Amino acid sequence: MTALFRYPDQAQLKRVVPKARIYDTAGASTALKDRFVKELDQIIWAYKLAPETVRLPATKQVPEIQVFRLTLKTAELHQDVLRAIDRAIPFPLIFELRRNGQIQVAAARKRPSEADNAKWVLVGDHLRSEWCPEETERTALPVSLNLGGLYDQLLTALMPIAPVAEEDIDARLERLEAIKAKEREISQLQAKLKRETQFNIKMTLHGQLQEAQKAFDHLKKPE
């Protein structure tokens with residue numbers, strides 16, 4: 001599934017969002033403000049996906065979805081900049097990052113805080129698609145019963161793992177985080193194995209590496 005979707009014309013806004021407004025609302029540090037200035041050229045509030053613009057009912061978890069287009073000055077945009085924008089905007093966000101004729105889609109799972117309904121909580125890191133040419137053909141929005149279902153599908157399109165039967169979006173994100181953790185463990189064990197000279201320790205590390213690889217394979221393709 002592609003992550004680059006064609007949003008309806010009636011949802012289009014094209015409003016410029018001042019960077020200062022974002023980092024002031026997010027309580028950004030001086031270092032983070034510098035990142036905004038050095039890495040980000042412009043923030044455009046491109047689309048508002050809401051009941052009146054996409055003809056889907058809202059849910060308590062997803063009353064609206066906003067699509068922001070970010071024009072970059074640099075090759076990459078730091079994760080902290082995306083997190084700051086998400087903290088400043090009290091709705092789920094889909095980002096379209098643009099640089100030198102290329103586009104990348106990014107988003108993090110976002111939900112209302114259980115302690116304070118006025119606040120939103122980010123769940124995990126931002127998922128990102130591969131960079132592709134801006135002229136890449138977009139696909140129609142997924143068919144959904146409501147905005148919550150649409151949001152889940154937009155996030156699923158960014159996930160590098162296939163969904164498993166009876167696995168909801170939060171369980172899939174947890175599995176993705178576990179896969180990343182297991183990848184780090186495997187890399188660390190491989191590095192230790194390469195440095196180690198004692199045979200008995202090498203054999204122990206080799207066994208640990210095999211177990212970690214088995215766990216990794218199971219997480220990637222659960223039975």
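Remember, predicted model here, so these are calculated numbers, not experimental data. All values below come from the heavy atoms of this structure, side chains included, with hydrogens, waters and symmetry mates left out.
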Please name the pair of heavy atoms, one in [X] and one in [Y], separated by the smallest distance, quoted to 0.1 Å.
X      : Y      : answer
Arg83  : Gly124 : NH1-O, 3.5 Å
Leu122 : Ala108 : CD2-CB, 3.9 Å
Asp80  : His78  : N-ND1, 2.9 Å
Trp120 : Pro90  : NE1-O, 3.0 Å
Pro63  : Leu147 : O-CD1, 3.3 Å
Pro57  : Pro51  : C-CG, 4.4 Å

Evaluation steps, salt bridge (charged side-chain N to carboxylate O under 4.0 Å, His left out), between Glu96 and Arg138: CA-CA 13 Å; Glu96 291 188 354; Arg138 293 171 178 261; 2.8 Å; yes
So does [X] have more than 12 non-hydrogen atoms from other groups sitting under 6.0 Å from [atom1]?
X      : atom1 : answer
Asn100 : CG    : no
Asp168 : CG    : yes
Arg21  : CZ    : no
Lys73  : NZ    : yes
Glu137 : CD    : no
Lys33  : NZ    : yes

Side-chain contact, heavy-atom cut-off 4.5 Å: [X] with [Y]?
X      : Y      : result
Gln153 : Ser144 : yes
Leu154 : Val105 : no
Leu82  : Leu70  : yes
Pro133 : Ile103 : no
Pro142 : Phe5   : yes

NZ/NE/NH1/NH2 to OD/OE distance under 4.0 Å, [X] and [Y]:
X      : Y      : value
Arg109 : Asp86  : no
Glu134 : Arg99  : no
Glu183 : Lys180 : no

Backbone N/O of [Y] and side chain of [X]: donor-acceptor pair under 3.5 Å:
X      : Y      : answer
Thr53  : Lys48  : yes
Thr156 : Asp152 : yes
Glu196 : Gln198 : yes
Thr71  : Arg98  : no
Arg175 : Leu219 : yes
Lys19  : Leu40  : yes

How many angstroms lie between atom [atom1] of [X] and atom [atom2] of [Y], to the nearest 0.5 angstrom?
X      : Y      : atom1 : atom2 : answer
Leu127 : Leu173 : CG    : CG    : 6.0 Å
Thr197 : Lys202 : OG1   : NZ    : 8.0 Å
Gln104 : Trp131 : CD    : CH2   : 4.5 Å
Glu167 : Glu174 : CD    : CD    : 9.0 Å
Leu56  : Leu141 : CG    : CG    : 8.5 Å
Phe91  : Leu49  : CZ    : CG    : 12.0 Å

So if you build clusters from Ile, Leu, Val, Met, Phe, Trp, Tyr with side-chain heavy-atom gaps below 4.5 Å, do [X] and [Y] land together?
X      : Y      : answer
Ile89  : Val67  : no
Phe68  : Leu4   : no
Leu155 : Tyr47  : yes
Val17  : Leu97  : yes
Met159 : Leu150 : yes

Worked verdict on Glu185 versus Phe216 for side-chain contact (heavy atoms from CB on, under 4.5 Å): CA-CA 10 Å; Glu185 181 185 346; Phe216 173 80; over 6 Å; no
Polar side chain donor-acceptor pair, Gln66 to Glu64, under 3.5 angstrom: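 Yes - a donor-acceptor pair under 3.5 Å links their side chains.
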Modelled atom types, side-chain donor and acceptor of Thr139 and Arg6, under 3.5 Å: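 No, no side-chain donor-acceptor contact under 3.5 Å.
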Asp217: partners by side chain to side chain donor-acceptor pair (under 3.5 Å), with sequence neighbours left out: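 With neighbours one apart ignored, the set is Gln213.
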Steps toward side-chain contact (heavy atoms from CB on, under 4.5 Å) verdict (Ile94, Tyr7): CA-CA 12 Å; Ile94 304 294; Tyr7 300 106; 3.8 Å; yes
Verdict with reasoning, Lys110 to Val121, per side-chain contact (heavy atoms from CB on, under 4.5 Å): CA-CA 6 Å; Lys110 198 171 176 181; Val121 177; over 6 Å; no
Any pair counted as salt bridge (charged side-chain N to carboxylate O under 4.0 Å, His left out), so long as it reaches residues 37-47, sequence neighbours left out: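 Applying salt bridge (charged side-chain N to carboxylate O under 4.0 Å, His left out) to every pair that reaches into residues 37-47, excluding sequence neighbours, yields Arg35-Glu39.
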Derivation of the side-chain contact (heavy atoms from CB on, under 4.5 Å) call for Thr59 and Val62: CA-CA 5 Å; Thr59 65; Val62 186; 3.6 Å; yes
